[in-house]
Amino acid sequence: MSTMEMIKEIGVVPVVKIDNIEDTQPLMEALIRGNLPVAEITFRTACAEEAIRIASKNYPDMLVGAGTVITSAQAIRAIEAGAKFIVGPGYSATVAKVCQTRDIPYLPGCVTPTEIITALDAGIDTVKFFPASVYGGLKAIKALAAPFTTVKFIPTGGVSADNLAEFLAFPKIVACGGSWMVADALVKAKNWAEIERLANEAVEIAKKRN
Ligand code: 3PG
């Protein structure tokens, strides 16, 4: 199964922020126990690259990607650390090139028609729609899907267990990203049991989509 097929099959991408490197393993294990073996580890903290390396090495069955990738240098570091997909808050031509050369899926943040056309020009047909709740949510995605018939979306930002089913019911949405099951407060409190529970709840919601 390709990386994009796996993301679609799981339907949910946890957006992970690791402040303390020692949290990497228990956090990955909580996601695995919650049947959510995917993590977008974001370049918002100094230890992101190391966390990607640890997660990829220790959990080969887990789909580990990098998030908040803004520069080509970050993309290279992430891929060399083992990231299997790259997510960015916006589109970067240089990140796109790095990913294309290394045959790694790039999910750039695109919320306007022009940004989507830019991604299409680079051969990308799946985009992150971020921050989803701010840029019009499902209504905006449906409006954009009308002219862009081949484009698929991964809404992220403001997604939760309460609206996940509604997003996933729209066929052009392959998956949703979000941090609600790996919220900062839960990681800080090392509340792995709650992370596992929320991960599993998200997976159960995603499974019900048809
Ligand atoms: C992201 O970078 O994708 C977001 O921070 C995730 O948004 P959320 O925290 O609203 O889930």
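Counting starts at 1 for both ligands and their atoms, following the listed order.
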Acceptor/donor pairs from residues 131-146 side chains to any protein atom, 3.5 angstrom cut, sequence neighbours excluded:
residue, atom, partner, partner atom, Å
S133, OG, G157, O, 3.3

* Structure fact -> Lining ligand 1 at under 4.0 Å, by non-hydrogen atom distance, are residues V15, R44, K128, F130, T156, G157, G158, G178, S179
* **Which residues share a side chain to side chain donor-acceptor pair (under 3.5 Å) with T42, sequence neighbours left out** =>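 If we apply the side chain to side chain donor-acceptor pair (under 3.5 Å) test to T42, skipping adjacent residues, there are no hits.
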* Say whether, by atom type as modelled, one donor and one acceptor occur between the side chain of N163 and the main chain of G158 under 3.5 angstrom. =>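 Yes, the answer is positive, given that a donor and an acceptor are paired below the 3.5 Å cut-off.
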* Residues two or more places apart in sequence or in another chain: which of them pass side chain to side chain donor-acceptor pair (under 3.5 Å) with D162? ->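 Once residues adjacent in sequence are excluded, D162 has no partner under the side chain to side chain donor-acceptor pair (under 3.5 Å) criterion.
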* Just by distance, do the side chain of E50 and the backbone of C47 share a donor-acceptor pair under 3.5 Å? ->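 No; zero donor-acceptor contacts below 3.5 Å.
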* Asked: What orientation do F153 and F129 show, parallel under 30°, tilted 30 to 60°, or perpendicular over 60°?
  ->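 The rings of F153 and F129 stand perpendicular, inter-plane angle above 60°.
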